[in-house]
Structure formats: structure tokens, C-alpha cells
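Notes for the one structure printed next.
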Amino acid sequence: MIDAEVDADRSIRTVTLDRPAARNALTVDGLEALERSIADADESVVVLRGRGPAFCAGADLEAVAALEGDREAAIEFARLGQRVARAIEASPAVVVAGIDGPVRGGGLELALACDVRVGTPESTYGEPGVTFGLFGAWGGTVRLPRLVGEGNALEFALTGRVVDAEEALRLGLISRLESDPRTVALEIADNAPDACAVLKRRIRDDGDRETQERREAEAFGDLVATHADDIDTMFE
């Protein structure tokens, strides 16, 4: 269901959602396995991708149907997806979503939790839950407006429409368009892992401005002290 492959030379872990016949839709077991794979990563970069023609269709509809209208069970299912998204967001690694083919609902919400989203020209994006009386509840209502703005988030979510890769790039759903998303992961892996990890934490910092700036300055000081010899060689 979840396959992990490590390129130790480049310090890249590729985590693959591996249910191609179900368009990589996620069950409870799949979500828990994904959370473990992210938590186990000690590489500097993680690439999240889907096996086959889709990135991820979101929550497995059979798993949703199995909730049988139980409100508390549905809340727990939503909280599990939120927990996995937070694990992606909080990982020390830079997590790159490599999106090829359709990504829908909860799959998109997990991609929104990644640090960088790279789509292929064939990728498409949608939050279709509203068309059958639901919506994605894995943190999407929080992250989507932060990335694309409130107006775009409302229009995208309320219509349930699907957008292509070019429009996704324009909206800010993805960061880059590449035929091979691993290209971006390799660019990141070429840089100092500690600097990338610090940048991730600082850019994602949700403290007040004064606290953010203090943490930024302290992090800069730590890196200068750590990389003093590397900085000296720049002037040789």
C-alpha cells in the first residue's frame, strides 16, 4: 500500500502510494502506513508520489461508507488524515509532492501539506466532495486559502471543478511544472540539509512577527557558526 525507496547517495526517500487499481485512494491502514513512512525518514528530502496513472484519489470511499453515518467515527477518520498531513508538514525533511495524473480531495490536501508541489503537464486537481455532500477534512480548509487566497479557495472548493496543470500553477496549487518532479527534489538535495531544514521551519513559523524574526536571527547565527569553514572557502 505504501512503498518506500531510499537513494542514500542523494539523501532522498521516495514514498509511493501503491494502490494503482484504486487510484491510490487511502484507507485507515494506508494513512497510518504513510504516517510511519514519513516519520521514519532520516533523509533530507522526501518525494511523495503515486503509482500508476493517478497521484491520489483521496479517501477511499469504501472506508467512508464503512463509517455508516457514525459522526464520532467520521471525526476520528478526519483527525487521522489531519494527523498525517501535520506529520508531513512537521517532518525535518523537505517533502516534495510529485503529482502526475489526477489528485483529488484528501490526496490534494496531503499535497498541500508538502513543502513543494511539483506537477507534470498531465496532472489535474480537484476537491469534488461537495458534489456528493462532503468536503475534504484533512486540513484543506486551513491550507488551501493560505496558498491560493480566500477568494480562489472558495471558488475552487464550492464549485468542485477540476483544473489542469497550467491553471493549478497560476492559482498557486503547485510550485513548478516539470515532466519529472524528481528534478526539483534533486535540486533541493544538492543544498545544505541543515539550511533547508531551518528554512522550512522558519517559513512555516506561525508565531508573531517579533518571535519569527528572533527565531530567524538565531537560526542564522547557528548556521554561520556551523558553516564557518565553508563560508571561508567562498573567498579563496
Just do the side-chain contact (heavy atoms from CB on, under 4.5 Å) check on Asn24 and Phe55 with the steps written out, would you? CA-CA 7 Å; Asn24 301 315; Phe55 177 80; over 6 Å; no
State whether [X] and [Y] are salt-bridged, where the test is any N-O pair (Lys NZ or Arg NE/NH1/NH2 against Asp/Glu carboxylate O) under 4.0 Å.
| X | Y | value |
| --- | --- | --- |
| Glu89 | Arg86 | no |
| Arg215 | Glu218 | no |
| Asp40 | Arg13 | no |
| Asp206 | Arg146 | no |

Which atoms form the tightest heavy-atom contact between [X] and [Y], and what is the distance?
| X | Y | answer |
| --- | --- | --- |
| Ala153 | Val148 | N-CG2, 3.6 Å |
| Gly81 | Leu110 | O-CD2, 4.2 Å |
| Pro128 | Gly105 | CD-N, 3.8 Å |
| Ile2 | Ala33 | CG1-CB, 3.6 Å |

Give the cluster check for Leu34 versus Val6: same hydrophobic cluster or not, with ILVMFWY residues linked at side-chain heavy-atom distances below 4.5 Å. no
hydrophobic_cluster_shared for Val118 and Val46, side chain cutoff 4.5 Å: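 No, Val46 does not connect to Val118 through the hydrophobic network.
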Reported CD-to-CG distance for the pair Glu109 and Leu144, which is rounded to 0.5 angstrom: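 So the gap between those two atoms works out to 8.5 Å.
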Of Leu173, Leu147, Val96, which is the lone residue that meets side chain to side chain contact (heavy atoms under 4.5 Å, CB included) with Arg117?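 Result: among Leu173, Leu147, Val96, Leu147 is the only option passing the side chain to side chain contact (heavy atoms under 4.5 Å, CB included) with Arg117.
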CA sep, side-chain torsions, deciding dist, call: Gln82, Val142, side-chain contact (heavy atoms from CB on, under 4.5 Å): CA-CA 11 Å; Gln82 291 169 358; Val142 177; over 6 Å; no
Give the C-alpha distance, both sets of side-chain angles, the deciding distance and a yes or no for side-chain contact (heavy atoms from CB on, under 4.5 Å) between Val84 and Trp138. CA-CA 8 Å; Val84 176; Trp138 294 350; over 6 Å; no
Between Arg10 and Ser44, do the side chains contain an N or O donor and an N or O acceptor separated by less than 3.5 Å? no
I'd like to know if the side chain of Thr16 pairs up with that of Asp3 as donor and acceptor (distance under 3.5 Å, no hydrogens or angles considered). no
Are any of the side-chain heavy atoms of Glu178 and Asp180 separated by less than 4.5 Å?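 Answer no - side chains too far apart.
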Show your working on salt bridge (Lys or Arg N to Asp or Glu O under 4.0 Å) between Glu213 and Arg209 and close with a plain yes or no. CA-CA 6 Å; Glu213 290 181 346; Arg209 179 169 178 173; 3.0 Å; yes
Pair Val130-Phe135, side-chain contact (heavy atoms from CB on, under 4.5 Å): steps then yes or no: CA-CA 5 Å; Val130 70; Phe135 68 95; 5.7 Å; no
